[in-house]
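Report on the structure given below.
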Amino acid sequence: MSKRCYYEVLEVERTADDGVLKSSFRKLAMKWHPDRNPGDKDCEHRFKEINEAYDVLKDPQKRAAYDRFGHAAFEQGGMGGGGMHGFGADFGSAFSDIFEGIFGMAGGRQRGSGRERGADLRFNMEITLEEAFGGKTAQVRLPTSVTCEVCSGTGAKAGTRPKTCPTCGGQGKIRHAQGFFTLERTCGACHGRGQVIDNPCPSCAGSGRTTKERTLSVNIPAGVEDGTRIRLAGEGEAGLRGGPSGDLYIFLSLAAHAFFQREGADLYCRVPISMVTAALGGEFEVPTIDGGKTRVKIPSGAQSGRRFRLSGKGMPVLRSKQTGDMYVQVTVETPQNLTKRQRELLAEFEKLSSQETQPESSGFFSKVKEFFGTGAGQA
């Protein structure tokens with residue numbers, strides 16, 4: 001009986017890409033799997049067909065040969081094929097693609113290199129609000145793993161090199177066929193690295209790295225906020241046996257400031273003023289975050305809690321030419337520890353006060369009187 005076209009077997013067009021091929025193969029393999037159709041010889045034959053077709057079409061070279069020569073490319077004297085492949089062997093090579101997608105076993109056929117990426121490191125740094133305003137270059141000292149200088153990161157003693165693991169053949173994994181299933185486990189001899197070291201480097205004990213204290217320069221840009229993260233690529237822990245280094249992450253925190261509170265790019269401060277200044281008006285000086293100072297004018301009759309905005313006196317916006325504002329909030333301070341004369345003057349002032357001089361309190365107590373008066377009349 002002549003073989004059917006592989007594209008027909010997989011129910012795809014000749015222009016189908018790898019994704020379409022794989023999707024169709026999975027669907028058909030599940031449908032015609034012998035375990036789902038016990039005792040059905042036709043299903044077993046169809047499954048072999050599907051398995052053989054996918055094994056050819058998933059390989060770019062085999063697919064090119066098949067597109068040009070058809071089945072003749074894999075017959076005796078053809079392109080080096082072997083006709084219908086053995087059912088058990090092909091199931092291990094082709095049907096394992098299903099488990100790669102379902103169980104995350106991708107990469108099982110890749111040779112182990114023995115190299116592993118180093119871990120990422122975290123360093124917490126506290127800076128002042130002034131440093132966040134102007135930016136700075138900080139020096140960071142931290143102990144970390146670096147590539148061993150004696151063996152150049154190979155982990156092997158000078159004059160020797162790691163060799164391919166004889167147990168797994170450099171794959172880093174060992175396969176076991178159980179019936180229709182092929183299972184993989186990490187090689188216990190090389191721990192998944194694919195290489196073993198008979199003569200480890202005495203300096204690093206075969207790891208390819210040693211611990212050393214390093215000093216790094218960190219550029220902190222102006223305008224950083226609390227919690228800002230700065231990444232230094234490749235400055236983390238060195239990789240095992242010459243693998244790439246991890247990254248270093250600097251996490252910034254801002255120390256509490258004695259005068260300012262920050263909200264985004266804006267700064268806030270509270271300034272107590274005397275009752276006389278609030279009543280008559282005046283002015284005072286306040287510091288600014290850039291180290292200077294500026295004057296704030298208070299109009300007469302200023303109430304406690306009033307805010308005055310100083311445009312452009314706040315924090316710079318990170319990686320921008322914009323700048324926030326500064327807000328000065330005044331609080332009117334009630335006099336304490338008064339002398340006898342001061343009490344007399346305040347009492348006299350109270351007698352001379354009217355609704356015009358204290359409209360808010362006068363209006364409030366007028367409403368209170370009306371409220372109780374109305375309530376009494378209704379009662």
Side-chain angles (χ1 to χ4, degrees), residues 126-136 220-228 252-318 320-372:
E126 185 179 71
I127 61 174
T128 66
L129 188 62
E130 286 82 1
E131 290 172 334
F133 172 81
K136 64 176 292 188
I220 301 176
V224 292
E225 297 189 33
D226 191 80
T228 296
L252 301 177
S253 61
L254 269 61
H257 197 273
F259 188 69
F260 294 111
Q261 290 81 45
R262 179 180 181 181
E263 291 185 14
D266 296 330
L267 294 177
Y268 294 83
C269 66
R270 295 177 63 187
V271 177
I273 61 175
S274 69
M275 183 177 64
V276 175
T277 302
L280 303 180
E283 60 180 31
F284 54 83
E285 287 186 338
V286 291
T288 54
I289 191 62
D290 59 2
K293 56 187 178 180
T294 186
R295 301 191 70 83
V296 179
K297 292 185 178 182
I298 304 297
S300 60
Q303 299 300 309
S304 187
R306 181 171 176 178
R307 285 181 177 178
F308 298 89
R309 174 173 170 263
L310 305 179
S311 179
K313 296 294 184 179
M315 297 289 290
V317 179
L318 186 63
S320 171
K321 295 182 179 180
Q322 298 179 346
T323 305
D325 302 325
M326 175 176 164
Y327 292 87
V328 178
Q329 183 181 37
V330 296
T331 57
V332 180
E333 185 177 17
T334 302
Q336 302 180 40
N337 303 318
L338 298 175
T339 66
K340 182 180 179 181
R341 178 57 179 160
Q342 289 172 331
R343 288 178 177 276
E344 291 174 351
L345 290 173
L346 286 178
E348 184 178 351
F349 172 78
E350 181 68 17
K351 291 179 180 180
L352 296 175
S353 298
S354 63
Q355 187 172 356
E356 287 74 20
T357 58
Q358 299 182 35
E360 189 172 345
S361 62
S362 298
F364 174 78
F365 287 110
S366 295
K367 291 180 180 179
V368 169
K369 289 180 180 180
E370 291 177 3
F371 175 80
F372 284 111

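Take T339 and apply the side-chain contact (heavy atoms from CB on, under 4.5 Å) test, not counting sequence neighbours, and it matches R341, Q342. Partners of F259 according to the ring-ring contact (aromatic ring centres under 6.0 Å, His included) rule, which considers only residues two or more places apart in sequence or in another chain, do not exist here.
Side-chain contact between Q261 and H257 is absent, with no heavy atoms from C-beta onward closer than 4.5 Å. Contact of the M326 side chain with the V328 side chain is registered, since non-hydrogen atoms from C-beta on lie closer than 4.5 Å. Looking at V330 and F284, their side chains come closer than 4.5 Å, going by heavy atoms from C-beta outward. A 4.5 Å side-chain heavy-atom check between L310 and T294 finds at least one atom pair inside the cut-off. Between L338 and L346, the closest side-chain pair of non-hydrogen atoms falls below 4.5 Å. Proximity of V296 to V271: side-chain heavy atoms (C-beta onward) are nowhere separated by under 4.5 Å. Within the 4.5 Å cutoff, side-chain heavy atoms of Y268 are placed close to those of R307. F133 has its side chain out of reach of T128: every pair of non-hydrogen atoms, C-beta onward, lies at least 4.5 Å apart.
The line from OH of Y327 to OG of S311 is 8.5 Å long, rounded to the nearest 0.5 Å. Atom CD of E283 sits about 12.5 Å away from atom CD1 of I273, to the nearest 0.5 Å. To the nearest 0.5 Å, atoms CG (D226) and CD (E126) are separated by 9.0 Å. In this structure, CZ in R295 is found 4.5 Å from CD in E285, a value given to the nearest 0.5 Å. Atom-to-atom distance recorded for F260:CZ and K313:NZ is 10.5 Å, nearest 0.5 angstrom. Atoms NZ and CD, on K136 and E130 in that order, are 11.5 Å from each other to the nearest 0.5 Å.
Applying the 6.0 Å contact sphere to CD of E348 captures no more than 12 heavy atoms from other residues, nucleotides or ligands. More than 12 heavy atoms of other residues, nucleotides or ligands sit less than 6.0 Å from atom CD of Q329.
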Exercise. Would you sort out whether T331 and S304 count as a side-chain contact (heavy atoms from CB on, under 4.5 Å), showing the intermediate values?
Key: CA-CA 4 Å; T331 57; S304 187; 3.9 Å; yes
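The nearest pair of heavy atoms linking P335 to M275 is CG-CE, 4.0 Å. Nearest heavy-atom pair, L318 versus P221, reported as atom, atom and distance to 0.1 Å: CD1-CG, 3.6 Å. Nearest approach of D266 to D325, heavy atoms of both residues: OD1-N, 2.8 Å. Pairing each heavy atom of R262 with each of L254, the nearest pair is NH1-CD2, 3.4 Å. Minimum interatomic distance between L267 and L129 (heavy atoms only, all atoms of both residues): CD2-CD2, 4.0 Å. Taking all atoms of both residues into account, the shortest heavy-atom contact from A302 to V332 is O-CG2, 4.2 Å.
Judged by distance alone, the side chain of Q303 and the main-chain N or O of G301 form a donor-acceptor pair under 3.5 Å. Between the side chain of T288 and the backbone N or O of G292 there is at least one donor-acceptor pair closer than 3.5 Å. Looking at T228, its side chain does come within 3.5 Å of a backbone N or O of E225 through a donor-acceptor pair.
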